[in-house]
Each structure stands twice: as structure tokens, then as C-alpha cells.
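Working notes, structure below.
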There are 2 protein chains.
Amino acid sequence: MKNHHPVTPKEERLAQILAKIKGRDFRLTPQRLAILNILAASEDHPSVDDIYKEVRNRFPTTSIATVYKTIALLKELNEVLELGFPDGSNRYDGHRPYPHPHAICTRCRKIMDPEISSVDELSEEMKKKTGYSFSFHRLDFFGLCPECQKNSRK
Amino acid sequence: MKNHHPVTPKEERLAQILAKIKGRDFRLTPQRLAILNILAASEDHPSVDDIYKEVRNRFPTTSIATVYKTIALLKELNEVLELGFPDGSNRYDGHRPYPHPHAICTRCRKIMDPEISSVDELSEEMKKKTGYSFSFHRLDFFGLCPECQKNSRK
DNA sequence: CATATAATTGATAATAAATATCAATAGATA
DNA sequence: TATCTATTGATATTTATTATCAATTATATG
Ligand SMILES: [Mn+2]
Ligand SMILES: [Mn+2]
Ligand SMILES: [Zn+2]
Ligand SMILES: [Zn+2]
């Protein structure tokens, strides 16, 4: 048989996304499925261009517009987290589509996902001080990753 | 005499900025001084267009390019904090030019500056978990401000 | 399987904020 | 006041994203 239950974490993640897609009048084209696979499997927060290049390895006729449209679809379904940057170098997390803190290297642009416990505390203090009711957040810490720290020590 | 020591907080803040400007071959034009005044006095994180409109009240011939160039100058001097957003609706804090958390209303776009004590803790945990050496951060919490919460309860 | 429907694709045009360009203007200094 | 050059203002350029639309193709149905 061709279909089977998901076993690896990324198969699991893809299955979650496909379940949401099935809900509406969405169609499963090869290009779209390839993009979903890339996003579900990615741990390194790829850019639109990263995704575009990778999907073109398998489907060389794919348009960049299709990548944008698939990402827009996933955003609507809350199945991808967009890390937008004002210089246009946007990055995407299809692995963890909910808000979480990021460590961003200003030299090599590597973005990491640490498990952080003190976010709730900060959020609670923000709420108390401002009276806002928060629905999401964006927590970015910028600096040098361990590797770039070594390289900059010459 | 015309010059006097700064007494109000915003005069104090303007004096800080002017001190940095004096250092190099910078010139004090009326337009530039007006923009500096607006940014030093502002508590509400104005946009480029907000600043542009306000400065044109006093100097109607001012170009938007001059606003951009003055902001670029202040960024170089680390005397303004730029809150860049991927949709291009950038906002500026000339009052507190260092990284700090913001509460952002998704409805009326009001941005607040609460005094938060638990940032260091979060930063420390990030550092321990990732090994990054951070130099700045961006901490945004999005939701409804108290006023917009009232209005949305109909 | 053949057919109908409409969602999707791919190519391209349009959009818009930020930046670059450059001749004209006007601070700063002596 | 004259000189020098930083700055201005108008405009062109850049570039990521969005919009457009005819052609294609996934899907359901008989
Ligand atoms: Mn992430
Ligand atoms: Mn602020
Ligand atoms: Zn790095
Ligand atoms: Zn509000």
C-alpha cells in the first residue's frame, strides 16, 4: 500500500497540515505538496527564495508566485509562522507555527528555536503594566551564533 | 540670552542628540532641527509619514527624503530606535533609543513603552540555551489596547 | 473512462516603502 | 562677504510582495 500512518516527526507535521487543507476546497498539486513537505520538514527557517530553489529541484517549472501563494494559504490556516523583517528577508517556520522566541545571528543569519520557560512571566508582566490583551508576540534576540563567535576571534 | 540649559525632559533629550551631532561635520538646518525636536519629544512612536506631516506644519517645503535622511543619521548615531515592520509601517522611538519591549495594538496601532523587569531573565535564559552572544533584541507583544477592548465589547 | 467545474499555476504587471542620484541651496568658518 | 561643502528637494531606482489573468489540471460525478 502507498499510504501509511506518519511515523517520523516531519511526516507527522505534514499530516497535520494536510488535515487542515482537506477541510476546504483546496487541491493537492505536486508543486504545493512539495512546498508543504519542505516547510513541514524544515528546522532552519527558510526564506521564500530558499523554498523556491529547493522546490525547483523537483519541479523545475514552478513559479515563485506559487511559493508565495502556498505560504499565504498556510498563513491563513495558521500552519506556518512568518518571521517578517523590514528589509524583506522574511523567513518561515513550518515546524512550529505558533509564536516563540528566536535567536538570530546577525552575521550568518542562522535562526534558532530554543525552549524557553520565562516567556509567560514576561507576557504576564506586560499585561499587568499595559492593560493590553495580547494574542501573539514576536521575541527576537540578535547577536552572534557560537560558530560566528569563533570565526570573529580570528 | 537665547540659549539656556535644558529643564524639561524633552529639552534634555534634544540636548543629548544635539551633543552627538556637534561631534562631526553635521549642520543644523531648520528642517533637521524640527525633525529632531519631533523625535525627541515624541512618546507615541510616530511613523515617517507622521513626522513628515508634522514638520511640514512649520516648514511646508520639506521633502520626505529629508525625513528619511535625518532618521538614517539618527540611526547611525544610535539616537533613535527603529521599529521596522514587514508591511512597511515603520515606527520610531526618539525618546528611548535603546531596545525595550513594546505593547502594540493591532486595531488602532497604539504602541506603549511599559517598564519591564523580567527582560534580563529571558535574555539570560536565551543565552544559556543557545550560546549566542546577544547585542540587541526586539520584543513585541500584539493585542488590543484597553480602549479598543472597550470598543470591541460594543 | 469521459466530461464538467473551478481551483491552481505560471508569467507578468502593478505596488509601495526605502534608497540613490544630483543640481540647487544654504550652514559654517574665517 | 566669500568660500567650501553638507544638505535639501525633486525625482528615479530598487526590490519584495501582491494582483491579474489566460492556460492548465485536480477533483467529482455519471
Ligand atoms: Mn522558529
Ligand atoms: Mn518605545
Ligand atoms: Zn552565525
Ligand atoms: Zn487600540
Side-chain angles (χ1 to χ4, degrees), chain A residues 2-3 17-18 20-38 45-77 80 82-92 109, chain B residues 2-3 17-38 45-77 80-92 109:
Chain A
K2 198 122 163 273
N3 284 342
I17 296 174
L18 290 179
K20 277 239 186 124
I21 296 237
K22 295 282 167 57
R24 295 199 230 161
D25 285 339
F26 296 131
R27 293 179 183 176
L28 226 49
T29 65
Q31 302 94 322
R32 180 173 281 180
L33 187 57
I35 296 168
L36 297 185
N37 257 300
I38 292 167
H45 307 84
S47 67
V48 166
D49 213 59
D50 292 336
I51 299 167
Y52 179 55
K53 280 171 183 152
E54 197 168 334
V55 72
R56 282 189 72 117
N57 289 338
R58 290 213 283 145
F59 300 95
T61 67
T62 307
S63 166
I64 186 120
T66 297
V67 179
Y68 276 106
K69 279 179 276 202
T70 305
I71 289 174
L73 170 63
L74 287 181
K75 282 200 281 180
E76 275 211 17
L77 298 173
V80 71
E82 182 177 59
L83 298 181
F85 295 93
D87 69 343
S89 64
N90 292 8
R91 305 280 288 267
Y92 296 88
R109 293 282 161 191
Chain B
K2 195 117 162 280
N3 284 343
I17 296 173
L18 290 179
K20 277 240 185 122
I21 296 235
K22 295 283 168 56
R24 296 200 230 162
D25 286 339
F26 296 131
R27 292 178 184 175
L28 226 50
T29 66
Q31 300 94 324
R32 180 173 282 178
L33 188 58
I35 295 168
L36 297 185
N37 257 300
I38 292 166
H45 307 84
S47 66
V48 165
D49 213 58
D50 292 335
I51 299 167
Y52 179 57
K53 280 171 183 152
E54 196 168 335
V55 72
R56 282 189 72 117
N57 288 339
R58 289 212 284 144
F59 299 96
T61 66
T62 306
S63 166
I64 186 118
T66 298
V67 179
Y68 276 109
K69 280 179 275 201
T70 304
I71 289 174
L73 170 63
L74 287 181
K75 282 200 282 181
E76 276 211 15
L77 299 172
V80 72
L81 180 71
E82 182 177 59
L83 298 181
F85 295 93
D87 69 343
S89 64
N90 292 7
R91 305 279 288 267
Y92 296 88
R109 292 283 161 191

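Just so we're clear, the structure is a prediction, and the values are computed from it rather than from any experiment. Each chain gets a letter, A, B and so on, in the order its sequence line appears, and its residues count up from 1. Basis for what follows: all heavy atoms, side chains included, without hydrogens, waters or symmetry-related copies.
- To the nearest 0.5 Å, atom CD1 of residue A:I51 and atom CG of residue A:L36 are 10.5 Å apart.
- When all heavy atoms are compared, the tightest approach of B:I64 to B:Y52 is N-CE1, 3.3 Å.
- Here the nucleotide nearest the side chain of B:K69, chosen from D:dG9, D:dT27, D:dT20, is D:dG9.
- Contact between the side-chain N/O atoms of A:N90 and the OP1/OP2 oxygens of D:dA16 is not found at any separation under 4.0 Å.
- For A:P30, taking side-chain heavy atoms from C-beta onward, the closest of the listed nucleotides D:dT7, C:dT9, D:dA26 is D:dA26.
- Here CD of B:E54 is found 12.0 Å from OG1 of B:T62. Values are rounded to the nearest 0.5 Å.
- Residue contacts shown for B:S89 are absent, as no nucleic acid heavy atom lies under 4.0 Å away.
- Between B:I21 atom CD1 and B:L73 atom CG the span is 4.5 Å, to the nearest 0.5 Å.
- Comparing A:A65 and B:A65, the nucleotide of DNA chain C nearest to each residue sits closer to the 5' end for A:A65.
- Sequence order on DNA chain C of the closest nucleotides to B:T29 and B:Y68 puts B:Y68 first from the 5' end.
- Taking atom NZ of A:K75 as the reference point, atom C1' of D:dT17 lies 9 Å away to the nearest angstrom.
- Side-chain to base pairing of B:R32 with D:dT8: no donor and acceptor N or O lie closer than 3.5 Å to each other.
- The separation between A:E76 atom CD and C:dA7 atom P is 14 Å, rounded to whole Å.
- Of the candidates C:dT9, D:dC4, D:dT17, D:dC4 carries the atom nearest the B:R27 side chain, counting heavy atoms from C-beta on.
- To the nearest angstrom, P of D:dT7 lies 10 Å from CG of B:L28.
- Note on B:I64: nothing from the nucleic acid sits closer than 4.0 angstrom, heavy atoms only.
- In this structure, CD1 in A:I71 is found 9.0 Å from CG in A:N90, a value given to the nearest 0.5 Å.
- Atom pair B:E82:CD and C:dA17:C1' shows a separation of 11 Å (rounding to whole Å applied).
- One atom, CG of A:D87, and another, C1' of D:dT17, lie 14 Å apart when rounded to the nearest Å.
- Going from atom CZ of B:F59 over to atom CD1 of B:I35 covers 10.0 Å, rounded to the nearest 0.5 Å.
- Phosphate contact (OP1/OP2 of C:dT9, side-chain N/O of A:S63, threshold under 4.0 Å): absent.
- The closest side-chain donor-acceptor pair between A:S89 and A:D87 falls under 3.5 angstrom.
- One can place CZ of A:F59 at 16 Å from P of C:dT8, the figure rounded to the nearest angstrom.
- Interatomic distance, NZ of A:K69 versus CZ of A:R32, reported as 9.5 Å (0.5 Å rounding).
- In the helix from C:dC1-D:dG30 to C:dA30-D:dT1, the end axes, each obtained as the rotation axis mapping the C1' atoms of four pairs onto the next four within a five-pair block, lie 40° apart to the nearest 10 degrees.
- Computed from coordinates, the A:L73 CG to D:dT18 P distance equals 14 Å when rounded to whole Å.
- One can place CD of B:Q31 at 9 Å from P of C:dA26, the figure rounded to the nearest angstrom.
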